[in-house]
Amino acid sequence: WIFQPGHRLRVAISSSDWPTIWPSPQPASNTVFCGSARPTHIILPIASGLEPPISSSYFLSPPELRSGRRSQGDEPDWSINQDIIRGLTTVNLRYHRKFRPEGKNFDFEEELQSEVGASDEDPAQAYAKGVQRYSIFMAEGRIDVVGRLAIRSTSKHLHPEVQLSVTVDNEPLFDRQWMETIPRNLF
């Protein structure tokens with residue numbers, strides 16, 4: 001990036017990128033010094049020898065895309081909640097959609113419900129849980145695939161649990177569950 005005179009740069013300071021990245025097990029604090037005695041600063045390189053200035057980028061128009069399906073369903077529902085009494089921050093995502101692939105004689109449906117949470121005081125106490133369902137509706141019957149995931153953490157371990165179930169016309173075809181305890185060696 002090249003900043004022209006008068007342009008501004010916004011800086012965000014954080015100890016983690018939760019919920020994008022699993023939180024560190026140790027609490028952290030950041031200090032920004034103000035004033036002439038100990039000013040906090042950022043050093044950016046100065047570009048030189050850019051004569052003439054870099055020209056504007058040129059982008060081709062995107063190709064026209066054909067929709068391969070007709071879709072119906074709700075827009076994804078995101079919410080971020082902060083429980084100040086329990087000291088817990090959670091992020092929830094829910095969505096549901098159903099569509100028929102173009103030229104096909106079946107319908108496809110998917111649904112997701114998920115939640116991630118972390119303790120504000122003890123970030124080692126974090127969790128993620130969710131259920132995802134895929135269903136195919138055909139004249140011959142219905143196939144459902146349901147995956148469940150739960151991960152919780154402590155300062156020393158991650159504890160994932162995974163369950164995968166497949167049914168055909170509501171009759172069980174496959175069901176498996178995995179549980180592990182994994183040391184938090186690197187994060």
Side-chain angles (χ1 to χ4, degrees), residues 12 14-25 61-187:
S14 174
S15 298
S16 74
D17 191 17
W18 184 87
T20 306
I21 299 171
W22 201 265
S24 166
S61 298
E64 186 175 322
L65 299 176
R66 279 184 37 220
S67 175
R69 60 186 182 219
R70 293 179 190 228
S71 181
Q72 64 185 22
D74 302 325
E75 291 292 317
D77 178 26
W78 284 87
S79 65
I80 300 174
N81 304 299
Q82 190 165 23
D83 184 333
I84 57 174
I85 294 173
R86 292 181 16 204
L88 181 68
T89 302
T90 58
V91 177
N92 296 279
L93 168 62
R94 289 187 167 85
Y95 74 83
H96 172 258
R97 68 186 181 131
K98 188 173 186 177
F99 61 90
R100 176 172 289 236
E102 188 174 306
K104 303 297 180 183
N105 61 351
F106 63 86
D107 289 325
F108 185 83
E109 184 176 39
E110 67 177 323
E111 182 176 17
L112 169 72
Q113 295 182 9
S114 65
E115 177 179 297
V116 295
S119 167
D120 298 335
E121 294 297 317
D122 183 7
Q125 302 296 319
Y127 69 91
K129 61 183 178 179
V131 177
Q132 179 121 23
R133 176 182 58 85
Y134 295 102
S135 300
I136 300 174
F137 300 90
M138 306 169 288
E140 307 84 41
R142 172 182 177 159
I143 300 170
D144 291 294
V145 179
V146 178
R148 298 177 189 277
L149 170 67
I151 301 173
R152 63 181 179 81
S153 67
T154 63
S155 62
K156 302 202 182 296
H157 294 93
L158 294 174
H159 305 278
E161 297 179 33
V162 179
Q163 181 182 2
L164 180 63
S165 302
V166 179
T167 59
V168 177
D169 296 326
N170 294 320
E171 295 292 325
L173 177 69
F174 177 85
D175 191 34
R176 179 137 186 222
Q177 187 169 350
W178 300 266
M179 291 189 292
E180 291 284 334
T181 295
I182 302 168
R184 284 184 82 159
N185 293 332
L186 299 176
F187 55 98

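Only heavy atoms go into these numbers, but all of them, side chains included; no hydrogens, no water, no symmetry mates. Along the sequence shown, residues are numbered consecutively beginning with 1.
Residues satisfying the ring pair (Phe, Tyr, Trp, His ring centres under 6.0 Å) test with Phe106, not counting sequence neighbours, are none. For Tyr95, the side chain to side chain donor-acceptor pair (under 3.5 Å) test picks out Glu110, Gln132, with sequence neighbours left out. Every residue two or more places apart in sequence or in another chain that forms a side chain to side chain contact (heavy atoms under 4.5 Å, CB included) with Glu109 is listed here: His96, Lys98, Arg133, Ser135, Phe137. Under the side chain to side chain donor-acceptor pair (under 3.5 Å) criterion, His157 pairs with no residue, sequence neighbours left out. Under the salt bridge (Lys or Arg N to Asp or Glu O under 4.0 Å) criterion, Glu180 pairs with no residue at all, not counting sequence neighbours.
From Leu88, atom CG reaches atom CD1 of Ile84 across 12.5 Å, with rounding to the nearest 0.5 Å. Put simply, NE2 on His159 and CE on Met179 are 12.0 Å apart, with the number rounded to the nearest 0.5 Å. A distance of 8.0 Å separates OH of Tyr134 from CG of Leu112, quoted to the nearest 0.5 Å.
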Contacts table for residues 168-176: side-chain donor-acceptor under 3.5 angstrom, sequence neighbours left out:
| from | atom 1 | to | atom 2 | distance (Å) |
| --- | --- | --- | --- | --- |
| Asp169 | OD1 | Arg142 | N | 2.7 |
| Asp175 | OD1 | Gln163 | NE2 | 3.3 |
| Asp175 | OD1 | Ser165 | OG | 2.6 |

Determine all donor-acceptor pairs shorter than 3.5 Å in which one atom belongs to a side chain in residues 115-123; sequence neighbours excluded.
| from | atom 1 | to | atom 2 | distance (Å) |
| --- | --- | --- | --- | --- |
| Glu115 | OE2 | Tyr127 | OH | 2.3 |
| Ser119 | OG | Glu121 | N | 3.4 |
| Ser119 | OG | Asp122 | N | 2.9 |
| Asp120 | OD1 | Thr89 | OG1 | 2.9 |
| Asp122 | OD1 | Ala124 | N | 3.4 |

Can I get a per-line list of side-chain donor-acceptor pairs under 3.5 Å for residues 76-83, giving both atom names and the distance, sequence neighbours left out?
| from | atom 1 | to | atom 2 | distance (Å) |
| --- | --- | --- | --- | --- |
| Asp83 | OD1 | Ile85 | N | 3.1 |
| Asp83 | OD1 | Arg86 | N | 3.0 |

Applying side-chain contact (heavy atoms from CB on, under 4.5 Å) to Glu111 and Val131, what does each step give before you reach the verdict? CA-CA 8 Å; Glu111 182 176 17; Val131 177; over 6 Å; no
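Considering all non-hydrogen atoms of both residues, Ser155 and Arg184 come closest at O-CD, 4.0 Å.
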